[in-house]
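Have a look at the structure below before the remarks.
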Number of protein chains: 2
Amino acid sequence: MEDLKKKIRSFTKVSDSDIEFGLQFFKIRKIKKGELLLKPNQCINEFYFMQKGCISYYTVEEGITRVMEFFTEGYFFTDLYAFIQDIPSESYLEALEDSIIYTISKSDQQKVYDHSHQLERFGRLSMQRTFVINFQRINQLRNLSNQERYLQLLEKRPSLFQRVPQYLIASYLGLTPVGLSKIKKRLSKS
Amino acid sequence: MEDLKKKIRSFTKVSDSDIEFGLQFFKIRKIKKGELLLKPNQCINEFYFMQKGCISYYTVEEGITRVMEFFTEGYFFTDLYAFIQDIPSESYLEALEDSIIYTISKSDQQKVYDHSHQLERFGRLSMQRTFVINFQRINQLRNLSNQERYLQLLEKRPSLFQRVPQYLIASYLGLTPVGLSKIKKRLSKS
DNA sequence: GGCATTTATTAAACTAGTTTAATGAGAATC
DNA sequence: GATTCTCATTAAACTAGTTTAATAAATGCC
């Protein structure tokens, strides 16, 4: 759990006793490629930390799969939208690789926040971090062309292109496999 | 400050003494139509609550104005992206109407969070609320057509169309005034 | 190593937006 | 009340994507 501890402390100062209190609730879990951690209409009562592997977070509507995010090493994740609001999920969490994650239940997370003001602050700051990422995402969607978004992803998360099939990347970028092929072709010509 | 107090308590239970502690730091401020609360390269060290009025949050890049949000009655707001990260703003906050807002400085906000675990929780939960809104925004941008987004805005915030000029609404929706006109025409035909 | 399946590319026809420019309509100013 | 300015609409040419369908290339499996 060293990576997890380090990650928490990258947000804010947390005393040894508080961090030990928090970590005791996390359980390790292994999940095989292709397995689902979550599917639609389930409630999600767990929060995760990705130790090793890759999980895709996606919806399927009218037969169209839309990848919202790829969670890789060092990510905190869950279906945060359903988790926060206590509503049934509309999404899938599917392992794209064999993965190792740490999990904490929502009720245990609440215990941690009740017990420690420092960890409640970690919670607030990690939500802030999520805000920053989502804000950037919104700006990318609004202000950049698909080609620019593709180039940006290539720059920021190059390893994704090694570990994830292209049609899922296309979906993540909000276009069809055909569209992504066209963009790549256009770029290779110039 | 009753609206503000009520708003805070809509997130989580806060004792009278804690809420009074928090509210003492807020100052009222009036701002006239056309005035700027913030412009690019300024640092933003204040957090706001909109009592009455309307403020647009936008950027200008290469001569193109892009409206991110319209803040109206009951909204907490600031340039949260710059505020959180302590970086100079790239945005404008401009009053589209004469407005009345409550303001608290960042350092006073920190005092409030240090003093009260309950208000720190309010902070976390209001960030969660912001997350939910941004998540929905991302999904709208990814999954809906411009026409659908227009119809959704019309349904959710009909009064905006009375108080804000159409070219700003077009910008908010991520299209040109010409594009919005086309959409309206198409809809009126069916 | 060969076969079946999945994934990626290409082409062709189409669509929903863009840009530019002209027109129209309302509101503010003198 | 005429003029000016701003904002909204329309038209025409264009663009970056879409869909569908065919083909090519990789991958997995026995």
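Side chains included, hydrogens not; waters and symmetry mates left out as well; all remaining heavy atoms used. Here is how names work: the chains are called A, B, and so on, in the same order as the sequence lines, proteins then strands, and each is numbered from 1.
- Distances from the side chain of A:Lys182 to the nucleotides C:dA13, C:dA8, D:dT9 place C:dA13 closest.
- Inter-residue side-chain proximity for A:Leu141 and B:Arg142 is flagged as met; some heavy-atom pair is nearer than 4.5 Å.
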Any protein N or O atoms within reach of nucleotides 21-27 of chain C? Criterion: under 3.5 Å, listing atom names and distances.
none

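- Of the candidates A:Arg163, A:Lys32, A:Lys30, A:Arg163 is the only one forming a salt bridge (Lys or Arg N to Asp or Glu O under 4.0 Å) with A:Glu97.
- One atom, OH of A:Tyr167, and another, P of D:dA25, lie 21 Å apart when rounded to the nearest Å.
- Rounded to whole Å, atom P of C:dT18 lies 11 Å from atom CG of B:Leu173.
- Applying ring-ring contact (aromatic ring centres under 6.0 Å, His included) to B:Phe77 and the options B:Tyr102, B:Tyr48, B:Phe47 leaves one that passes, B:Tyr48.
- At least one side-chain heavy atom of B:Asn139 sits less than 4.5 Å from a side-chain heavy atom of A:Met68.
- Here C:dT19 is the nucleotide among C:dG17, C:dT19, D:dA8 with the atom lying nearest to any side-chain atom of B:Thr176.
- Under a cut-off of 6.0 angstrom, the local environment of CD in A:Gln110 is crowded, with over 12 non-hydrogen atoms contributed by other residues, nucleotides or ligands.
- Rounded to an integer number of Å, the gap from CD1 of A:Ile169 to P of C:dT9 is 12 Å.
- For the pair A:Gln162 CD and D:dA26 C1', the computed distance is 15 Å after rounding to whole Å.
- Across all strands, A:Lys185 comes closer than 4.0 Å only to sugar-phosphate atoms, never to a base (heavy-atom distances).
- Sorted by residue number, the members of residues 137-157 of chain B with any non-hydrogen atom under 4.0 Å from DNA chain C read B:Asn146, B:Gln147.
- Looking at the side chain of A:Pro165, the nearest of the listed nucleotides D:dG17, C:dA8, C:dG17 is C:dA8.
- Taking 4.0 Å as the cut-off between side-chain N and carboxylate O, A:Asp98 and A:Lys52 do not count as a salt-bridged pair.
- The CG-C1' distance, from B:Leu175 to D:dT9, rounds to 15 Å in whole Å.
- Below 30°, between 30° and 60°, or above 60°: for A:Phe135 and B:Tyr81 the angle between ring planes is below 30°, a parallel geometry.
- Residues A:Ile183 and B:Gln166 each lie close to DNA chain D; by heavy-atom proximity, the contact nearer the 5' end of the strand is made by B:Gln166.
- If you check every strand for non-hydrogen atoms under 4.0 Å, A:Leu180 touches nothing.
- Taking a 6.0 Å sphere around CD of A:Glu90, one finds it holds 12 or fewer heavy atoms contributed by other residues, nucleotides or ligands.
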Exercise. Would you sort out whether A:Phe76 and A:Phe122 count as a ring pair (Phe, Tyr, Trp, His ring centres under 6.0 Å), showing the intermediate values?
Key: CA-CA 12 Å; A:Phe76 286 110; A:Phe122 156 74; 5.7 Å; yes
